[in-house]
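For reference, the structure is listed below as structure tokens.
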Amino acid sequence: MDKNNITKEYSNGDITVVWQSGLCIHSGNCVKNLSKVFQPKTQPWINLDNATSAEIVEAVGKCPSGALSIK
Ligand code: SF4
């Protein structure tokens with residue numbers, strides 16, 4: 001595996017979002033679709049507390065590369 005491919009998990013106690021950096025093509029879709037959750041300039045860059053689980057699942061489903069998934 002590419003040493004730059006890190007996997008991070010973010011949970012709101014209901015769902016867990018998995019982000020695999022090596023798959024991310026930086027299309028920005030997630031940021032455009034749900035900017036209150038996906039904030040590339042903040043740390044951590046995914047803040048699940050800012051939206052409902054349904055909104056998050058919908059935005060994750062629009063990631064074109066599969067970098068984002070729900071566990
Ligand atoms: S939508 Fe997916 S591929 Fe695009 S920036 Fe977000 S995580 Fe990366």
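One-based numbering, in listed order, for ligands and for the atoms of each. Scope of the values below: all heavy atoms of this structure, side chains included, with no hydrogens, waters or symmetry mates.
Taking atom 3 (S) of ligand 1 as the reference point, the nearest protein heavy-atom neighbour is S65 OG, 3.2 Å. With hydrogens left out, the protein atom closest to atom 2 (Fe) of ligand 1 is C63 SG, 2.3 Å, a heavy atom.
Close approach of ligand 1 to G28 (heavy-atom distance below 4.0 Å) involves ligand atoms 4 (Fe), 5 (S). Atoms of ligand 1 lying under 4.0 Å from at least one heavy atom of W19, given by number and element, are 7 (S). Close approach to P64 involves these atoms of ligand 1, each under 4.0 Å from a residue heavy atom: 1 (S). Set against the non-hydrogen atoms of I25, the atoms of ligand 1 under 4.0 Å away are 3 (S).
In this structure a side-chain-to-backbone donor-acceptor pair under 3.5 Å is present from S65 to L23.
Atom CD of E55 and atom CG of N33 lie 11.0 Å apart (nearest 0.5 Å). Atom OG1 of T16 and atom CG of L48 lie 8.0 Å apart (nearest 0.5 Å). If you take SG on C63 and CD1 on I70, they are separated by 10.5 Å, rounding to the nearest 0.5 Å.
Among the atoms of C24, an N, O or S atom falls under 2.8 Å of atom 8 (Fe) of ligand 1. S27 lies close to atom 4 (Fe) of ligand 1, since one of its N, O or S atoms is found at a distance under 2.8 Å. Among the atoms of C30, no N, O or S atom is found under 2.8 Å from atom 2 (Fe) of ligand 1.
Only the side chain of L68 comes within 4.0 Å of ligand 1, judged by heavy-atom distances.
Side-chain heavy atoms closer than 4.5 Å link hydrophobic residues (I, L, V, M, F, W, Y) into clusters, and following such links, even through other members, never connects I25 to L68. In the hydrophobic clustering of ILVMFWY residues, with side-chain heavy atoms under 4.5 Å counting as a link, V18 and V60 come out apart.
Ring pair W45/F38 is tilted by interplanar angle, where 30° to 60° counts as tilted.
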